[in-house]
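Just so you know, these numbers use all the heavy atoms, side chains as well, and skip hydrogens, waters and symmetry mates. By convention in this document, chain letters (A, B, ...) are assigned in the order of the sequence lines, proteins followed by strands, and residues within each chain are numbered from 1.
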Amino acid sequence: MSKNQYRSNYCIELNDTYINSKVKLAGWIRKKRDHGNIIFIDLKDHTGVVQCTINIDNKNFEGIDNLSLESVVSIEGNVIARPTGSINEELASGKIEIEISKLKILSKAEILPFVMHQNDLGEELRLKYRFLDLRRDEMQSRLKLRFEVIKMIRGIMEDKGFMEVQTPILTSSSPEGARDYVVPSRLNPGKFYALPQAPQQFKQLLMVSGVNKYYQIAPCFRDEDTRADRAPGAFYQLDMEMAFSTQEEIFEILEDLMHKVFTKFRPEMKISNTPFIRIPYKESILKYGTDKPDLRINTHYHDLTHLFLQDCPKIFESVINNKDNKGKILALPIKGLSKQTRKFFDKMQKLAQDNGAVGLGYILFEPEKRGPLAKLLSEEVCNAIREKADGAFLVADTEENLKMYMNPILQQVAIEMDLIEKQTYKFCWITDYPMYEKNDGKWEFSHNPFSMPQGEMDALSLDPSEIKAYQYDLVCNGIELTSGAIRNHRLDVMYKAFEIAGYAKEDVEKEFGAMLNAFKYGAPPHGGAAPGIDRMIMLLADTENIREVIPFPLNQQGQDLMMDAPCEISDKHLKELNIKLDKS
RNA sequence: GGGGGCGUAGCUCAGUUUGGUUAGAGCAUCGGCUUGUCACGCCGGAGGCCGCGGGUUCGAGUCCCGUCGCUCUCGCCA
């Protein structure tokens, strides 16, 4: 590094080759060990730690003795070899230390609100003092990981011929999707901008503009309640879109990108080979009860309904015979289930009930046939289960109800019995999403209203429940990383698709005017996706919580405790915006 | 909006099940001692609206009701 008034070297550079040279370091006092006539100081910069010493006869002794931890100093001194027996093998600079000759206090720190080396701090406190929290090693490495991941993504996308384009932050509200964040307009009294939930419409407009391959590391704003893997306020997507593309081409590009990125940052992990497996939506729901299966768990539900049609025990009769609301009987075979205790089965039973199941039956085969269902199931059913494992849970319910608890059961069994494969990233595509789903008796878009129905115009004359879309998700270890679709670029198909969801032509024109207008003037077929960057980093950093990989996240109430946002604004400010508050 | 968990010193937590002396520990902090530590050590001190409000009781950190905050989750997330 180049020398300046503060420092001649970074901490990490110093080793025994520097012995007897004079150096200047600048950084934070991480730790002091006061031995009376000598003080050991751990000086920390962004690269590492170096131990410095000062003797009582030094004129700066008093200055350091009184200095609080995390104060910022520039020190000058000689690099000396540590006495034998005092070498610290754990430290990169452990063979040497700096004998301080000069000290300059650059910024004195007040007493800290928490101890820097503590790593089980409450999140509220960490967010309030995020600048200190980020100073800790763990958070420094997450900041760096985030930077490196995004840098690599940019490189890969550019190598593949994608061009980054910025799209507006102040745009208009759209009726579909999540709640919008809204910004009042001073120049247009009574009107509001919305922050984009994603650059969806802009990227499609760019396709019409003749951009061939677009990408952007794009902020997305959705005013929705949070989850462990869902950030409040803003999150980032690798937003991408390609003209004249097929679903397979998009899969290929993202598979290559994911494989490269995950391999680079977690080389010790096993990563799904490309092409990633594809699971049609319906199959995923049937086997896992979710469209976000965690494939590290090596078992799934099997549909045994057909084996109950002839010979059905009484407890399942209502499920099989209900004419309007036909149900399914599924078995979840698990190796080693016979070894589980009564306590375990009680716990699982409770979990199933908490998630809406009436009960959770099971059958075990070792050392002999037993369990609450043992006497009720036919030989045929028993044999079908026994082929797969020594025991199984059985669930029987309507398809709708099953979805509520199938995955929670699967997840909990896997946790309790330690069935989640470690050291691996298991990717899969979920394909063939339904175009519509029924909500309160009305057909609604199940995912993205701009997706192309499979079969285009012809498909839209089918029963809405039968219509599949060119719509896909990429899932990794049970986390949804990406949603994407081949888009609907045909006006006639668009109007018809919206009509099924209850939109009149005028409504569509009003709500999506820009895009529909654009599609009148030559729109290429196109498609894309938008991997969640924060979720990728969360997986790479092995954090339980997405806020751990976001430098300055909001809390669950959408507040920034450090900056005190959101905040009230002055009457003058409000007046300018033509806003009167209803404080009732 | 619903459900679960948590809330005690600056920080992390014990104490709450079964109400009963002056509410404890580690770290941080302050004072003293300490020349080879590296989460240094030793001695001493200060630091508490037990989230808040109400109730039961001779007596509440502990029991009851309400409320607020944080967190996980369901709804929600085209």
Side-chain angles (χ1 to χ4, degrees), chain A residues 30-44 49-58 61 66 68-70 80 82-91 93-94 97 99 109-129 132-133 173-180 196-198 200-201 220-232 235 350-351 354-356 403-405 408 411 433 435-437 439 444-451 469 471 480 483 485 487 497-498 501 503 511-512 530 532 544-545 547 555-557 559 561:
Chain A
R30 182 53 49 93
K31 200 80 192 147
K32 286 193 296 184
R33 289 173 295 280
D34 180 357
H35 285 244
N37 291 325
I38 185 171
I39 302 174
F40 298 96
I41 297 124
D42 290 342
L43 187 77
K44 174 112 172 62
V49 186
V50 172
Q51 173 166 284
C52 308
T53 64
I54 189 161
N55 266 295
I56 188 125
D57 47 14
N58 189 303
F61 187 89
N66 292 330
S68 48
L69 295 182
E70 294 301 317
I80 59 169
R82 293 199 190 185
T84 10
S86 291
I87 287 166
N88 185 347
E89 301 288 353
E90 317 237 309
L91 208 62
S93 60
E97 62 195 13
E99 204 172 33
E110 285 189 12
I111 295 167
L112 300 164
F114 51 81
V115 185
M116 292 301 273
H117 59 76
Q118 204 165 331
N119 50 17
D120 50 358
L121 298 164
E123 193 177 16
E124 203 179 352
L125 186 79
R126 290 175 57 201
L127 291 181
K128 182 167 178 195
Y129 295 95
L132 276 182
D133 186 37
S173 179
S174 73
E176 290 282 329
R179 211 173 290 113
D180 288 313
Q197 296 183 23
Q200 182 68 35
Q201 294 192 61
C220 303
F221 307 91
R222 297 177 191 176
D223 185 3
E224 287 300 324
D225 287 343
T226 60
R227 288 290 181 278
D229 64 352
R230 202 196 296 163
F235 64 96
K350 181 168 188 307
L351 177 100
D354 286 349
N355 282 279
K403 267 195 270 187
M404 297 192 299
Y405 53 84
Q411 293 282 336
Y433 272 83
M435 187 81 187
Y436 303 98
E437 62 190 6
N439 204 343
E444 290 181 355
F445 290 108
S446 73
H447 253 60
N448 184 320
F450 308 122
S451 299
Q471 166 83 46
E480 180 191 319
S483 245
R487 320 295 174 187
F498 271 97
Y503 286 79
E511 308 290 4
F512 305 102
E544 294 285 311
N545 182 315
R547 297 182 297 275
N555 72 0
Q556 211 166 49
Q557 273 56 249
Q559 301 160 333
L561 300 173

Close N/O contacts between protein and nucleotides 3-8 of chain B (under 3.5 Å):
none

N/O (side chain, A/R33) to phosphate O (OP1/OP2, B/C40) under 4.0 Å: yes
Sugar-phosphate, base or nothing in reach of [X], heavy atoms under 4.0 Å:
{"X": "A/E97", "value": "base"}
{"X": "A/P113", "value": "sugar-phosphate"}
{"X": "A/N88", "value": "base"}
{"X": "A/N55", "value": "base"}
{"X": "A/G94", "value": "nothing"}
{"X": "A/F445", "value": "sugar-phosphate"}

Strictly distance-based, threshold 3.5 Å: is any side-chain N or O of A/R82 a donor or acceptor partner for the main-chain N or O of A/G94? yes
Any stacking of A/H35 on B/U37, going by centres under 5.5 angstrom and planes within less than 30 degrees? no
Under 3.5 Å on both distances, the Watson-Crick or G-U partner of B/G69: B/C6
If pairing means Watson-Crick or G-U wobble with both distances under 3.5 Å, then the partner of B/U56 is none
Can you name the ring pair (Phe, Tyr, Trp, His ring centres under 6.0 Å) partners of [X], sequence neighbours left out?
{"X": "A/Y436", "answer": "A/F445"}
{"X": "A/F114", "answer": "none"}
{"X": "A/F235", "answer": "none"}
{"X": "A/H117", "answer": "none"}

Residues forming a side chain to side chain donor-acceptor pair (under 3.5 Å) with A/E124, sequence neighbours excluded: none
Should the side chain of A/R30 and the base of B/C38 be counted as holding a donor-acceptor pair, with the cut-off at 3.5 Å? no
State whether the distance check finds a donor on one side and an acceptor on the other, under 3.5 Å, for side chain A/Q51 versus base B/U37. yes
Assign the ring pair A/F512 / A/F498 to parallel, tilted or perpendicular, where the plane angle (0 to 90°) is split at 30° and 60°. tilted
Taking side chain to side chain contact (heavy atoms under 4.5 Å, CB included) as the definition, give me every residue that meets it alongside [X], ordered by chain and number, with sequence neighbours left out.
{"X": "A/Q559", "result": "A/N555, A/Q557, A/L561, A/P566"}
{"X": "A/N355", "result": "A/L351, A/Y405, A/P408"}
{"X": "A/E123", "result": "A/L127, A/N545, A/R547"}
{"X": "A/Q556", "result": "A/T226"}

Inter-nucleotide [atom1] distance ([N], [M]), Å rounded:
{"N": "B/A28", "M": "B/U35", "atom1": "C1'", "value": "25 Å"}
{"N": "B/U56", "M": "B/G15", "atom1": "P", "value": "29 Å"}
{"N": "B/G7", "M": "B/U17", "atom1": "P", "value": "14 Å"}
{"N": "B/A9", "M": "B/G45", "atom1": "C1'", "value": "15 Å"}
{"N": "B/C33", "M": "B/U71", "atom1": "P", "value": "46 Å"}
{"N": "B/C40", "M": "B/G53", "atom1": "P", "value": "40 Å"}
{"N": "B/C64", "M": "B/C6", "atom1": "P", "value": "13 Å"}
{"N": "B/G44", "M": "B/G26", "atom1": "P", "value": "11 Å"}

Give me, pair by pair, the N or O atoms of the protein and of nucleotides 72-76 of chain B that are less than 3.5 Å apart, along with how far apart they are.
| unit_1 | atom_1 | unit_2 | atom_2 | d |
| --- | --- | --- | --- | --- |
| B/C72 | OP1 | A/N545 | ND2 | 3.0 |
| B/C72 | OP1 | A/R547 | NH2 | 2.7 |
| B/C72 | OP2 | A/R547 | NH2 | 3.4 |
| B/C72 | OP2 | A/Q556 | NE2 | 2.8 |
| B/U73 | OP2 | A/A228 | N | 2.8 |
| B/C74 | OP2 | A/R227 | NE | 2.8 |
| B/G75 | N7 | A/R227 | NH2 | 2.8 |
| B/G75 | O6 | A/D225 | OD2 | 3.4 |
| B/G75 | O6 | A/R227 | NH1 | 3.3 |
| B/G75 | O6 | A/R227 | NH2 | 3.3 |
| B/G75 | N1 | A/D225 | OD2 | 2.6 |
| B/G75 | N2 | A/D225 | OD2 | 3.4 |
| B/C76 | O2' | A/E224 | OE1 | 2.7 |
| B/C76 | O2 | A/R230 | NH1 | 3.3 |
| B/C76 | N3 | A/R230 | NH1 | 3.3 |
| B/C76 | N3 | A/R230 | NH2 | 3.1 |
| B/C76 | N4 | A/R227 | NH2 | 3.4 |
| B/C76 | N4 | A/R230 | NH2 | 3.3 |

Output a table of nitrogen or oxygen pairs between the protein and nucleotides 27-33 of chain B separated by less than 3.5 Å.
| unit_1 | atom_1 | unit_2 | atom_2 | d |
| --- | --- | --- | --- | --- |
| B/A28 | OP1 | A/K31 | NZ | 3.2 |

Quick one: [X] [atom1] to [N] [atom2], roughly how many Å, whole number?
{"X": "A/Q557", "N": "B/C68", "atom1": "CD", "atom2": "P", "answer": "12 Å"}
{"X": "A/L121", "N": "B/G10", "atom1": "CG", "atom2": "C1'", "answer": "12 Å"}
{"X": "A/R126", "N": "B/U12", "atom1": "CZ", "atom2": "P", "answer": "11 Å"}
{"X": "A/E124", "N": "B/U71", "atom1": "CD", "atom2": "P", "answer": "7 Å"}
{"X": "A/I56", "N": "B/G36", "atom1": "CD1", "atom2": "P", "answer": "14 Å"}
{"X": "A/L91", "N": "B/A39", "atom1": "CG", "atom2": "C1'", "answer": "13 Å"}
{"X": "A/D223", "N": "B/C77", "atom1": "CG", "atom2": "P", "answer": "12 Å"}
{"X": "A/F40", "N": "B/U37", "atom1": "CZ", "atom2": "C1'", "answer": "4 Å"}

On RNA chain B, compare the nucleotides closest to A/Q197 and A/F114; which residue's is nearer the 5' end? A/F114
Residue met sooner reading RNA chain B from 5', once A/T84 and A/L125 are mapped to nucleotides: A/L125
Here the pair of heavy atoms bringing A/S451 nearest to A/M435 is O-CE, 3.2 Å
Just do the salt bridge (charged side-chain N to carboxylate O under 4.0 Å, His left out) check on A/R30 and A/D42 with the steps written out, would you? CA-CA 6 Å; A/R30 182 53 49 93; A/D42 290 342; over 6 Å; no
Cut-off 3.5 Å, side chains only: do A/Q471 and A/R487 have a donor facing an acceptor? no
